[in-house]
Amino acid sequence: MPELPEVEVVKRSLKNNIVNLTIKKVSILTNKLRYTIDEKKFNKTINKKIISVKRRSKYLLIFLNNGFVILIHLGMTGKFFIVKKNKPKQKTSFYYEIKANDVKHNHIIFTLNKNLKLIYNDVRKFGFLKVMHKDDLSKNAHLSKLGPEPLSKKFNFTYFKKYIFNKKKNIKNLLMDQSFVSGLGNIYVNEVLFLSKTNPKIISYNISTIEIKKIIRYIKEVLVKSIDKGGSSIKNFNNSDGREGEFQQEFNVYAREGQKCLKLDCRGTIKKIFTSNRSTFYCNRCQK
DNA sequence: TTCTTTGTTCCGGA
DNA sequence: GTCCGGAACAAAGA
């Protein structure tokens with residue numbers, strides 16, 4: 001599931017592969033992803049050059065040389081494939097050989113110059129692509145409500161402490177709240193709370209100064225580490241077989257219900273509960 | 001057929 | 001009016 005590190009890895013891959021290329025053609029194979037696709041808007045991208053690729057929270061932004069931008073959210077299962085026409089077997093770290101059974105989930109195909117194709121593939125169709133003018137980005141409903149980037153200096157002790165004053169929300173829900181900090185999802189929030197030994201149900205205003213510092217430190221540490229590893233939950237991006245990677249080994253608590261706590265000398269067991277309809281995993285001993 | 005997964009939005013209660 | 005948690009929603013696979 002793409003969270004901030006995975007989106008960052010995708011951004012870097014796109015940056016290395018499609019900047020300075022020109023979109024020659026757009027094929028919309030599915031007219032509805034999360035939102036209905038406005039085909040006319042996509043025509044604005046034809047014969048335009050890609051000048052940069054950026055990330056904000058879990059959103060990708062592909063900027064074109066006519067002032068238009070493609071805003072993308074990968075949802076649960078959104079992926080980009082870059083393939084070389086007529087040479088399907090050729091691969092680099094990001095080139096991907098599409099298997100026949102993946103093709104039915106290809107929804108939007110950008111034909112680029114240099115015989116390349118950029119393909120948006122999404123099994124669950126919870127992602128979206130939207131074309132708009134860059135001047136309209138600041139008032140876009142998705143982007144305008146976002147809190148600070150977790151890796152930025154704005155996300156610090158002072159900000160955190162001030163924000164949780166009187167906040168009755170539990171810490172799990174707070175970290176999931178994109179207006180507080182933008183880019184964390186369920187997997188990384190579970191991991192961070194394990195590392196800081198914080199109980200996910202604790203009321204935010206009750207969190208101690210020491211614990212706040214730990215949470216902030218581990219958020220930054222886990223995200224950076226994951227980005228460096230190429231995004232823990234999309235290892236398959238670099239695999240040629242298109243299967244799920246062994247990313248589950250990377251996690252201390254996520255999807256480890258009933259298993260032993262991995263912390264040395266802790267004999268706890270990983271529990272699974274639901275908070276706001278989201279699966280929450282924590283150790284019953286070290287996250288009191 | 002039912003359950004699961006996610007981020008976002010909506011709704012009712014406090 | 002504000003805050004919060006829970007439910008609903010989207011699609012598809014197991």
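Every chain is numbered from 1, with letters handed out A, B, ... down the list of sequences. For the numbers below, each heavy atom of this structure counts, side chains included, while hydrogens, waters and symmetry mates do not.
Residue A:Asn186 has its side chain nearest to B:dT6 when only C:dA12, C:dC4, B:dT6 are considered. The side chain of A:Asn173 lies closest to C:dG5, out of C:dG5, B:dT8, C:dG13. Comparing C:dG5, B:dT5, C:dC4 by their nearest atom to the side chain of A:Lys272 picks out B:dT5. Closest approach to the A:Ser279 side chain among B:dT5, C:dG5, B:dT8 is made by B:dT5 (side chain taken as heavy atoms from C-beta onward).
A close approach under 4.0 Å does occur between a side-chain nitrogen or oxygen of A:Lys125 and OP1 or OP2 of C:dA12. Close to B:dT6, at under 4.0 Å from its OP1 or OP2, lies a side-chain N or O of A:Tyr254.
Taking atom CG of A:Asn166 as the reference point, atom P of C:dG1 lies 20 Å away to the nearest angstrom. To the nearest angstrom, P of C:dA12 lies 14 Å from CZ of A:Arg34. Atom-to-atom, NZ of A:Lys168 to C1' of C:dC3 comes out at 7 Å; the value is rounded to the nearest Å. Atoms NE2 (A:His105) and C1' (C:dA12) sit 7 Å apart, rounded to a whole Å. Atom pair A:Glu3:CD and B:dT5:C1' shows a separation of 12 Å (rounding to whole Å applied). Between A:Glu6 atom CD and B:dT5 atom C1' the separation is 15 Å, expressed in whole Å. For the pair A:Asn277 CG and C:dA8 P, the computed distance is 9 Å after rounding to whole Å. In this structure, A:Leu33 places its CG atom 10 Å from P of C:dA12, rounding to the nearest Å.
Aromatic ring centroids of A:Tyr205 and A:Tyr163 lie 6.0 Å or more apart.
Side chain to side chain, A:Thr269 and A:Asn284 fail the donor-acceptor criterion of an N or O pair below 3.5 Å.
Contact annotation for A:Lys145: backbone-only contact, meaning every heavy-atom pair under 4.0 Å involves sugar-phosphate atoms and none involves a base. Within 4.0 Å (heavy atoms only), A:Lys201 reaches no atom of the nucleic acid at all.
The cationic atom of A:Lys263 (NZ for Lys, CZ for Arg) lies less than 6.0 Å from the six-membered ring centre of A:Phe194 and within 45° of the ring axis.
Between A:Phe274 and A:Tyr59, the one whose closest nucleotide on DNA chain B sits nearer the 5' end is A:Phe274.
Ring stacking holds between A:Phe126 and C:dA10, with the centres under 5.5 Å apart and the planes within 30 degrees of each other.
Of the possible polar contacts, one joining the A:Gln178 side chain to the A:Gly183 backbone as a donor-acceptor pair under 3.5 Å is found.
Of all heavy-atom pairs spanning A:Ile46 and A:Lys24, the tightest one is CG2-O, 3.5 Å.
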